[in-house]
S.K.: 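Before we start, here is the structure in question, set down as structure tokens.
One is the number of the first residue; the rest follow in order along the sequence.
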Amino acid sequence: MGGVVRRVVLCGLAVLPLAACSGEPGESDMRKLVETHTRRALDGQGQGGFRGFEGFRKQGCVDTKYRNGAPKPDDKQYDCYYAATFAPQPGATAMTVNGKGRFTRTDKGLTFEDLGAQPR
């Protein structure tokens, strides 16, 4: 039985690199970029104090076409959907928004463009 378990684990590990190579952003990368964008936007509006989301969930991504100019051969763009939960202010309940962002993977890293969010 130990041999069967080892084979299943090794096969499972062989799949992991394929998922990582797809280029689609992972949930933790998305969260970091959206939190940074949100922090800057709120600070710019004089509403500082945002430290991060209470919860964040990737809902899915689709490949997109470039709007401006031609990409480099290795650049990839994805429109991704997510749900982000803001920690509640004293006396209020937590607020969750459904958001959409464009994530572009280039040789310099992953970037984020906000395409809008709606409270749910």
S.K.: Mind running side-chain contact (heavy atoms from CB on, under 4.5 Å) on L42 and F50 for me, showing each step along the way?
M.R.: CA-CA 7 Å; L42 291 174; F50 174 77; 3.8 Å; yes
S.K.: Quick one: do V34 and Y81 end up in the same hydrophobic cluster if we chain Ile, Leu, Val, Met, Phe, Trp and Tyr together by side-chain heavy atoms under 4.5 Å apart?
M.R.: no
S.K.: Got a sec, which pairs hit ring-ring contact (aromatic ring centres under 6.0 Å, His included) with one end in residues 91-111, sequence neighbours left out?
M.R.: F103-F112
S.K.: State the CZ-OG1 distance between R57 and T96, to the nearest 0.5 angstrom.
M.R.: 8.5 Å
S.K.: Any salt bridge (Lys or Arg N to Asp or Glu O under 4.0 Å) involving residues 42-55? Give me the pairs, sequence neighbours left out, ordered by first then second residue.
M.R.: none
S.K.: Between E24 and K58, is the salt bridge (charged side-chain N to carboxylate O under 4.0 Å, His left out) condition met? List the steps.
M.R.: CA-CA 11 Å; E24 183 178 298; K58 174 182 174 179; 2.8 Å; yes
S.K.: Tell me, please, which residues at least two apart from D29 pass side-chain hydrogen bond (donor to acceptor under 3.5 Å, both in side chains).
M.R.: none
S.K.: I'd like to check Y82 versus N98 (side-chain heavy atoms, cut-off strictly below 4.5 Å). Are they in contact?
M.R.: no
S.K.: Could you grab the distance from atom CD of E27 to atom SG of C80, nearest 0.5 Å is fine?
M.R.: 11.0 Å
S.K.: Once you round to the nearest 0.5 Å, how far does CD of Q118 lie from NZ of K100?
M.R.: 12.0 Å
S.K.: Would you find a donor on one side and an acceptor on the other, under 3.5 Å apart, between the side chain of R102 and the backbone of E113?
M.R.: no
S.K.: So which heavy atom on M30 is nearest to which on P25, and how close?
M.R.: CG-CB, 3.9 Å
S.K.: Please evaluate residues T104 and Y78 with respect to the criterion side-chain contact (heavy atoms from CB on, under 4.5 Å), reporting the C-alpha separation (whole Å), side-chain torsions for both, the decisive distance (0.1 Å), and the verdict.
M.R.: CA-CA 6 Å; T104 304; Y78 303 89; over 6 Å; no
S.K.: Are F86 and V97 close enough that some pair of their side-chain heavy atoms sits under 4.5 Å apart?
M.R.: yes
S.K.: Under 4.0 Å between a Lys/Arg side-chain N and an Asp/Glu carboxylate O for R40 and E35?
M.R.: no
S.K.: Is any side-chain heavy atom of L115 less than 4.5 Å from a side-chain heavy atom of D79?
M.R.: yes
